[in-house]
Amino acid sequence: MNQVNRVATLERVSSFLKRNHGLYIDGGWISAQSTDTLPIFDPSTGQQISTTIDANAYDVERAVTSAHKAFVSGVWSRRLPAERERILLRYADLLEQHAEELAQLETLEQGKSINVSRAFEVACTLNWMRYTAGLATKISGRTLDLSISVPEGARYTAYTRKEPVGVVAGIVPWNFPLMIGMWKVMPALAAGCSIVIKPSEITPLTLMRMAELATEAGVPAGVFNVVTGNGAVCGKTLTSHPLISKISFTGSTATGKGIARSAIDRLTRITLELGGKNPAIVLKDADPKQVVEGLMMASFLNQGQVCAASSRIYVEAPIFDQLVGDFESAVKGLSIGAGMDPTSQINAVASKAHQRKVESYLAEANALNAELIRGSAAPNNEGFYVSPTLVINPDDDLSLTRDEVFGPVVTLTRVADAEEALAKANDTEYGLTASLWTNSLSTAMDLTPRIEAGTVWVNSHTLIDANMPFGGFKQSGTGRDFGVDWLDAFTETKSVCIRH
Ligand code: TXE
């Protein structure tokens, strides 16, 4: 790494990494029964930087029991909405006060640029936290006029109330551990639920620190618990526990479906935010500068480890060659290096296993003579780097054209017209996001309803907001996060019918 540009690690961060970590249950750290541990690596060097517990079934049982006890006691669920809101706003203030610490932890365990950790992961999470805190005081039902006339002359009025669903299990992936973690914690707490959260085994540190800050903000003991561990034991025990009323999962389609299958046995409520293979349709009247800037960011932010990332770009023939040239210059100009070096634009991916997976897609494409344009070479160390890569006019049946690669890889395909682009864009089992690049309002209004995706951007891509619902069509998931109706997924609707 370029030591001159490297951000100095805060003393608070170094000492947190060295801690003898336990599990966060009942408002504090406890020793686990499990003696198994999981190493945490710095993706920029491949070196181990911390160690966490690989929780067993007994440990998970303790966390769920604590959350359930807190829930039925009413210590949080029956608290005045304004009090919950105030505590959650204080929680956001604490993140703001510890912003640099959390940003560094995020970069050290996940690999992404410190610039992205500061400006996106931490700063945007703050917006989401404050937005969601405000929802705690907006929970409301309806009054209902009824037509029941039994016995004759009786009159009835009903109303609905939204009640917290119970104990939530949050399963968090490794691409945006802090932000996606808070997308589960905040709506659960705003609605009055308790939560047991399981971060990814690769990137648990920021959420562990956020548990401490929740207690400092005033969230009562037992309401917010963190268990660290692998998916097969810790994750599975948590999501199949009978005291869990709601699962909020973000991760792969295969794991999400497995959890949903087991959830159906107990009819546990479930929200799934799964992967994407997100198309960008670029028409000949689009602004090329805007396209290249927007889609470089949308394709390579966080090394493409973004569920909403643009990974397939379809360009109308008249501007295809020019755009390929512009993308090639942009990709070759990206500097590669450690996330803690703010001048590096492409950083390591999150794990060795993921680096191998992304490289294996590229190796297959190469073996089948696909045209690859690769950016600068990765640093010569044990870090988990993948050079940013453009794949030009790949065959439709190549694995990297169909699967979610989740790396710094994007395909560019020439199409004859908007109809061919639309057919190719929709030819996928996924349906998370898409974008359309055109200066014609009528074309945009014609095409957007025909694109099979939960979010469609026009002349931008990957820009998300707390007030804009987000979720997938098709195999990209079920349910929506964000927006004014977000807490519906964390509440049950009760109808109260009164005879008078
Ligand atoms: O995902 P998993 P992986 C996609 C992306 C990536 C692929 C595989 O394409 O390459 O998924 O990543 C926990 N019960 N996305 O293997 O397995 C696990 O411990 C309960 C897209 O990491 O889905 C982790 O906390 N939990 C995505 C979380 O599930 C289980 C983000 C995600 O792991 C479990 C990440 C089980 N049986 C990957 N098995 C997005 N939508 O943003 C695993 N887990």
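All of these numbers come straight from a predicted model, not from anything done at the bench. First listed ligand is number 1; within each ligand, the first listed atom is number 1. These values consider heavy atoms only, across backbone and side chains, with no hydrogens, waters or symmetry-generated copies.
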| ligand 1-proximal atoms of Glu273, by part, heavy-atom distance under 4.0 Å |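 Looking at Glu273 and ligand 1, atoms from backbone and side chain both fall under 4.0 Å.
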
| For ligand 1, the portion of Ile259 having any non-hydrogen atom under 4.0 Å away |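 For Ile259, only side-chain atoms sit under 4.0 Å from ligand 1.
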
Of the protein's non-hydrogen atoms, which lies at the shortest distance from [atom], and what is that distance?
atom                    : value
atom 9 (O) of ligand 1  : Glu404 OE1, 2.6 Å
atom 36 (C) of ligand 1 : Gly231 O, 3.4 Å
atom 28 (C) of ligand 1 : Ile171 CG2, 3.7 Å
atom 38 (C) of ligand 1 : Phe406 CE2, 4.0 Å
atom 20 (C) of ligand 1 : Gly235 C, 3.2 Å
atom 42 (O) of ligand 1 : Cys307 CB, 3.2 Å
atom 10 (O) of ligand 1 : Lys357 NZ, 2.8 Å
atom 11 (O) of ligand 1 : Ser252 CB, 3.0 Å

| Stacked cation flag Lys474 on Tyr430, 6.0 angstrom / 45 deg |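 Pair Lys474/Tyr430 does not count as cation-pi.
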
Near [X], which atoms of ligand 1 are under 4.0 Å from a heavy atom of that residue?
X      : value
Thr255 : 2 (P), 17 (O), 23 (O), 30 (C), 34 (C), 39 (N), 43 (C), 44 (N)
Phe249 : 23 (O), 29 (O)
Trp174 : 3 (P), 12 (O), 22 (O)
Thr250 : 40 (C), 41 (N), 42 (O)
Lys236 : 14 (N), 20 (C)
Pro173 : 31 (C), 35 (C)

Quick one about [Y] and [X] (side-chain donor to acceptor, distance below 3.5 Å, no hydrogens or angles considered), yes or no?
X      : Y      : answer
Thr107 : Gln110 : no
Gln355 : Glu359 : no
Glu364 : Ser399 : yes

Would you confirm whether the ring centroid of [Y] sits within less than 6.0 angstrom of the ring centroid of [X]?
X      : Y      : answer
Trp486 : Tyr131 : no
Phe120 : Phe176 : yes
His354 : Trp174 : yes

| query | Are Arg118 and Glu121 ion-paired here, with the side-chain N under 4.0 Å from a carboxylate O? | reply |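 No salt bridge links Arg118 with Glu121.
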
| query | Between Lys246 and Glu492, is there a salt bridge with N-O shorter than 4.0 Å? | reply |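 So Glu492 does not pair with Lys246 through a salt bridge.
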
| message | In this structure, does ligand 1 have an atom that sits under 4.0 Å from one of the heavy atoms of His354? | response |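 A heavy atom of His354 does come that close to ligand 1.
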
| field | Within-shell test, Phe176 vs ligand 1, heavy atom, strictly < 4.0 Å | value |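 No; Phe176 lies far enough from ligand 1 that no heavy-atom distance drops under 4.0 Å.
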
| field | Exercise check, heavy-atom protein proximity under 4.0 Å to atom 3 (P) of ligand 1 | value |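 Protein heavy atom within 4.0 Å of atom 3 (P) of ligand 1: present.
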
| query | Taking everything shown except Lys69 itself, do over 12 heavy atoms lie less than 6.0 Å from its NZ? | reply |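 Counting neighbours around NZ of Lys69, 12 or fewer heavy atoms of other residues, nucleotides or ligands fall under 6.0 Å, so no.
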
| said: Tell me whether Asp265 at atom CG has more than 12 heavy atoms from other residues, nucleotides or ligands lying less than 6.0 Å away. | reply: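 Result for CG/Asp265: enclosed.
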
| query | Which atoms form the tightest heavy-atom contact between Leu88 and Ala133, and what is the distance? | reply |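 Of all heavy-atom pairs spanning Leu88 and Ala133, the closest is CB-CB, 3.7 Å.
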
| Any donor-acceptor N/O pair, Asp59 side chain to Gly229 backbone, under 3.5 Å |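 Side chain of Asp59 to backbone of Gly229, a donor-acceptor pair under 3.5 Å: no, none is there.
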
State whether the shortest distance between N or O atoms of [X] and N or O atoms of ligand 1 falls below 3.5 angstrom.
X      : value
Lys198 : yes
Asn230 : no
Val172 : yes
Leu274 : yes

| Partner of Lys424 by side-chain hydrogen bond (donor to acceptor under 3.5 Å, both in side chains), out of Thr401, Thr413, Asp396 |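 Considering Thr401, Thr413, Asp396, a side-chain hydrogen bond (donor to acceptor under 3.5 Å, both in side chains) with Lys424 is found only for Asp396.
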
